[in-house]
Amino acid sequence: MHIIYLAGNSFSNKTWIEEVKSKFDSFSTGEVLYYDHWQNGEKWINLRKESEKLVNFVKDKNDYSIFSKSIGSILALKNIYEKKLFPQKMIICGFPYRAGKRDFPEIDNCLKTLKIPTMFIQNEFDPVYSYEELKQILENNPPVSYQLINNIGNKTHEYLDYENLSKIAMQFLK
């Protein structure tokens, strides 16, 4: 299986996504999309520019999945909704619904029309968007095929249990 890795916004996510990829390399191939704002010092991702890069990144690929965190999931969903990205499956960690709604107003319609099997992994008390908040959004805008995993007790926007992520991904993406 081939995985496209889309990290969160902050530069610290670069190291995190590389670590995730290194763990997943035992059962897959894959590539990280490196965001321009990590190099040029801007604080926030340019979704338009990164969308163009992402579309070019996958243009010759037919069989791939997406593993994303935070704003990377908005990048993926936006391009899926616009019919520019066609993954087989997708895993989303730390879905940032509020930021997504601000940067991608069609997010609710996107979720309702999402046909790609998608797994959401959300920390119970993620300060960006909690598990309960996400559960409600998904109940109101249910994708065709999704699972929601609660990282019970976790109060951060970090997803550092690499072994568990690897186990979940290996089972779900196969």
Trainee: Indicate yes or no: at least one non-hydrogen side-chain atom of Pro87 is less than 4.5 angstrom from one of Ile80.
Mentor: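 With C-beta onward as the side chain, the pair touches.
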Trainee: Considering all heavy atoms of both residues, which atom of Gly72 and which atom of Ser68 are nearest to each other, and what is their separation?
Mentor: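 In terms of heavy atoms, the two residues are closest at C-CB, 3.7 Å.
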Trainee: So, for Ile17 and Val32, which heavy atoms are closest and what is the spacing to 0.1 Å?
Mentor: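 Nearest pair, atom of Ile17 first, then Val32: CG2-CG1, 3.7 Å.
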Trainee: Taking all heavy atoms of Asn9 and all of Trp44, pick out the closest pair and write down the distance.
Mentor: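 Nearest heavy atoms, Asn9 then Trp44: ND2-CE3, 3.0 Å.
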Trainee: Does the pair Val20 and Lys69 meet the rule for a side-chain contact (heavy atoms from CB on, under 4.5 Å), with working shown?
Mentor: CA-CA 11 Å; Val20 168; Lys69 178 183 180 239; over 6 Å; no
Trainee: If you compare all heavy atoms of Val58 against all heavy atoms of Tyr64, which two are closest, and at what distance to 0.1 Å?
Mentor: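 Minimum heavy-atom contact is CG2-OH, 3.8 Å.
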Trainee: Yes or no on side-chain contact (heavy atoms from CB on, under 4.5 Å) for Leu173 and Ser28, after CA distance, side-chain angles and deciding distance?
Mentor: CA-CA 10 Å; Leu173 297 176; Ser28 66; over 6 Å; no
Trainee: Search all heavy atoms of Gly30 against all heavy atoms of Tyr5 and return the closest pair with its distance.
Mentor: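 Between these two residues, the closest heavy atoms are CA-CE1, 4.0 Å.
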Trainee: Sequence neighbours left out, cut at 3.5 Å: what donor-acceptor pairs do the side chains of residues 116-126 make with other protein atoms?
Mentor:
{"unit_1": "Thr118", "atom_1": "OG1", "unit_2": "Ile116", "atom_2": "O", "d": "2.8"}
{"unit_1": "Gln122", "atom_1": "OE1", "unit_2": "Phe95", "atom_2": "N", "d": "2.7"}
{"unit_1": "Gln122", "atom_1": "NE2", "unit_2": "Phe95", "atom_2": "O", "d": "3.3"}
{"unit_1": "Gln122", "atom_1": "NE2", "unit_2": "Tyr129", "atom_2": "O", "d": "2.5"}
{"unit_1": "Asn123", "atom_1": "OD1", "unit_2": "Asn151", "atom_2": "ND2", "d": "2.8"}
{"unit_1": "Asn123", "atom_1": "ND2", "unit_2": "Asn154", "atom_2": "OD1", "d": "3.3"}
{"unit_1": "Asn123", "atom_1": "ND2", "unit_2": "Thr156", "atom_2": "O", "d": "2.8"}
{"unit_1": "Asn123", "atom_1": "ND2", "unit_2": "Glu158", "atom_2": "O", "d": "2.8"}
{"unit_1": "Glu124", "atom_1": "OE1", "unit_2": "Gly153", "atom_2": "N", "d": "2.5"}
{"unit_1": "Asp126", "atom_1": "OD1", "unit_2": "Val128", "atom_2": "N", "d": "2.8"}
{"unit_1": "Asp126", "atom_1": "OD1", "unit_2": "His157", "atom_2": "ND1", "d": "2.9"}
{"unit_1": "Asp126", "atom_1": "OD2", "unit_2": "His157", "atom_2": "ND1", "d": "2.8"}
{"unit_1": "Asp126", "atom_1": "OD2", "unit_2": "Tyr159", "atom_2": "OH", "d": "2.7"}

Trainee: Please check if the number of heavy atoms outside Gln39 that lie under 6.0 Å from its CD is greater than 12.
Mentor: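 No, because the 6.0 Å sphere around CD of Gln39 holds 12 heavy atoms or fewer from other groups.
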Trainee: Find out whether Phe104 and Leu75 are in side-chain contact, i.e. whether some heavy atom of one side chain is under 4.5 Å from a heavy atom of the other.
Mentor: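 Phe104 does not reach Leu75 side chain to side chain.
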Trainee: Indicate yes or no: does Glu50 engage Lys53 in a salt bridge with an N to O separation below 4.0 Å.
Mentor: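 Answer for the salt bridge query: yes.
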Trainee: Does the side chain of Pro96 come within less than 4.5 Å of Ile74's, by heavy atoms?
Mentor: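 Ile74 reaches Pro96 side chain to side chain.
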Trainee: Going by an N to O cut-off under 4.0 Å, is there a salt bridge joining Lys61 and Glu31?
Mentor: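 Glu31 and Lys61: salt-bridged.
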Trainee: Could you go through the side-chain contact (heavy atoms from CB on, under 4.5 Å) check for Ile107 and Asn141 one step at a time?
Mentor: CA-CA 9 Å; Ile107 192 76; Asn141 304 285; over 6 Å; no
Trainee: Heavy atoms only: give me the nearest Tyr35-Gly8 pair and the separation to one decimal.
Mentor: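 Residues Tyr35 and Gly8, closest heavy atoms: CE1-O, 3.4 Å.
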Trainee: Between the side chains of Ser22 and Asp25, is a donor N or O closer than 3.5 angstrom to an acceptor N or O?
Mentor: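 Absent: no donor and acceptor within the cut-off.
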Trainee: Can you run down the side chain to side chain donor-acceptor pair (under 3.5 Å) pairs that involve residues 162-174, sequence neighbours left out, and say none if there aren't any?
Mentor: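 Residue pairs passing side chain to side chain donor-acceptor pair (under 3.5 Å), neighbours aside: none found.
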Trainee: Using side-chain contact (heavy atoms from CB on, under 4.5 Å), reason through Ile4 and Leu85 one step at a time and then give a plain yes or no.
Mentor: CA-CA 11 Å; Ile4 304 299; Leu85 191 67; over 6 Å; no
Trainee: Which residue pairs pass the side chain to side chain donor-acceptor pair (under 3.5 Å) test when at least one of the two sits in residues 72-99, sequence neighbours left out?
Mentor: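 Every pair satisfying side chain to side chain donor-acceptor pair (under 3.5 Å) with a residue in residues 72-99: Ser51-Asn79, Lys78-Glu82, Glu82-Lys84, Tyr97-Asp108, Arg98-Glu133.
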Trainee: Is there a side-chain contact between Asp103 and Ile45, using heavy atoms and a 4.5 Å cut-off?
Mentor: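 Sidechains of Ile45 and Asp103: no contact.
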Trainee: Hey, does the side chain of Trp16 reach the backbone of Phe11 with a donor-acceptor pair shorter than 3.5 angstrom?
Mentor: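 Such a contact is absent between Trp16 side chain and Phe11 backbone.
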